[in-house]
Amino acid sequence: MIEPHVYVAYALRGAGLLCAVFWFVKEDQAYGWFTGAKAHEHPAAYFMLEDYYSTRQAVCYRSLDNDVYGKWLVASTEGEAPIDRPVPVSMELCHELERMQNAFVREWLFFEGEPGYEEQAAELRASELPVLGMNIRPCKLGKLVKGGPVWTYGSPGADAHIVRFLSRRWPLDYTPD
């Protein structure tokens, strides 16, 4: 079983969950999923960083509509462009990405309307933290590094450069320092 790396950024005021991302590395590629704040929306997408750990130019692909099996596009610092060919992600990897995304969401996030929402929302409110449609689970707050208006968590050994690379290409408002 592949153990993914995790990065989470959380704002004490306003947006709440700024970004939540997981990824794993296989050969020269990084594969994963992200979500977070974009104004009052919470876009989400699967991604593949092709040739990220090689001497070739890395290419960032991301899924459209948060669908690992659907259409993908190339995301660069200049913008996004649909692609006419399938992304080189095997069905086996697609299944693994979907499984990991489900596990990651269950462990880290909760959403308005799901069972247990009111109890978890009450815990955040009691700490005077924002409660929105998508939130970090209160039990995970202790993992975040606190200091300043944005609290973060990066799993041990996680390559922080991946989050910086993605942040110049994803549709989220968050950019790490």
Nearest-0.5 Å distance, CG of residue Asp51 to SG of residue Cys60:
12.5 Å
Just verifying a value: how many Å separate Glu123 CD and Arg125 CZ, rounded to the nearest 0.5 Å?
11.5 Å
More than 12 foreign heavy atoms under 6.0 Å from NZ of Lys146: is that the case here?
yes
May I ask you to decide whether Lys38 forms a salt bridge with Glu41, counting only side-chain N to carboxylate O separations under 4.0 Å?
no
Between Thr152 and Val8, is any pair of side-chain heavy atoms under 4.5 Å apart?
no
Within the structure provided, determine whether Trp170 and Phe34 are in side-chain contact (heavy-atom separation under 4.5 Å).
yes
Measuring from atom CG of Asp173 to atom CG of Leu18, what distance do you get when rounded to the nearest 0.5 angstrom?
8.5 Å
Can you confirm if the aromatic rings of Trp23 and Tyr31 lie within a centre distance of less than 6.0 Å?
no
Would you name the heavy atoms of Leu109 and Ala20 that are closest together and state the gap between them?
CD2-CB, 4.2 Å
Does Gln57, at its CD atom, have more than 12 non-hydrogen atoms belonging to other residues, nucleotides or ligands within less than 6.0 Å?
no
What I want to find out is whether Arg56 reaches Glu50 closely enough, with some N-O distance under 4.0 Å, to be called a salt bridge.
no
Do Tyr117 and Phe110 have ring centres separated by under 6.0 Å?
yes
Output the distance between atom CD (Glu118) and atom CD (Glu112), rounded to the nearest 0.5 Å.
8.0 Å
I'd like to know whether Phe165 forms a side-chain contact (heavy atoms from CB on, under 4.5 Å) with Leu49, so could you lay out the CA-CA distance, the side-chain angles of the two residues, the decisive distance to 0.1 Å, and finally the verdict.
CA-CA 9 Å; Phe165 184 87; Leu49 304 181; 3.7 Å; yes
Tyr46 versus Gln101: any side-chain heavy-atom pair under 4.5 Å?
yes
Should Tyr52 and Asp159 count as side-chain neighbours, where that means a heavy-atom distance under 4.5 Å?
yes
Does a side-chain N-to-carboxylate-O contact under 4.0 Å join Glu80 and Arg62?
yes
Answer whether the closest heavy-atom distance between the side chains of Gln120 and Asn135 falls below 4.5 Å.
no
ring-ring contact (aromatic ring centres under 6.0 Å, His included), that's the test. Do Tyr153 and Tyr7 meet it? Break it down for me.
CA-CA 5 Å; Tyr153 170 78; Tyr7 181 85; 8.4 Å; no
Compare every heavy atom of Leu172 with every heavy atom of Cys19, then report the nearest pair and how far apart it is.
CB-CD1, 3.9 Å
How close do Leu97 and Phe24 get, counting heavy atoms only, and between which atoms?
CD2-CE2, 3.8 Å
Closest non-hydrogen atoms of Trp72 and Ser63, given as atom of the first, atom of the second and distance, are CE3-N, 3.6 Å
Using every non-hydrogen atom in the two residues, find where Leu124 and Ile136 come nearest and quote the distance to one decimal.
CD1-O, 3.9 Å
May I ask you to decide if Val6's main-chain N or O and Ser155's side chain share a donor-acceptor pair within less than 3.5 Å?
yes
Which atoms form the tightest heavy-atom contact between Tyr10 and Leu144, and what is the distance?
CB-CD1, 3.9 Å
With ring-ring contact (aromatic ring centres under 6.0 Å, His included) as the test, would you mind laying out the steps for His95 and Tyr69 before giving the verdict?
CA-CA 9 Å; His95 297 326; Tyr69 303 104; 5.7 Å; yes
side-chain contact (heavy atoms from CB on, under 4.5 Å) assessment of Arg169 paired with Thr77:
CA-CA 6 Å; Arg169 292 159 179 82; Thr77 55; 3.8 Å; yes
Would you compute the distance between atom NZ of Lys143 and atom CH2 of Trp151 and round it to the nearest 0.5 angstrom?
15.5 Å
Examine distances only and state if a side-chain atom of Thr35 and a backbone atom of Pro43 form a donor-acceptor pair shorter than 3.5 Å.
yes
What I'd like to find out is whether the side chain of Leu93 reaches to under 4.5 Å of the side chain of Ser90, using heavy atoms alone.
yes
Under the criterion ring-ring contact (aromatic ring centres under 6.0 Å, His included), I'd like the reasoning laid out for Trp33 against Phe47: C-alpha separation, chi angles, the key distance, then a yes or no.
CA-CA 6 Å; Trp33 178 84; Phe47 66 87; 9.6 Å; no
Looking at CD1 of Ile162 and NE2 of His5, how far apart are the two atoms once the value is rounded to the nearest 0.5 Å?
7.5 Å
In chain order, what residues pass the side chain to side chain contact (heavy atoms under 4.5 Å, CB included) check against Thr55, with sequence neighbours excluded?
none
Please test Glu114 against Arg137 for salt bridge (Lys or Arg N to Asp or Glu O under 4.0 Å), starting from the C-alpha separation and ending with a verdict.
CA-CA 13 Å; Glu114 73 179 24; Arg137 292 192 183 276; 3.7 Å; yes
Start with the C-alpha gap between Ile83 and Leu73, add the side-chain angles, then the distance that decides, and say whether side-chain contact (heavy atoms from CB on, under 4.5 Å) holds.
CA-CA 5 Å; Ile83 57 174; Leu73 48 85; 5.6 Å; no
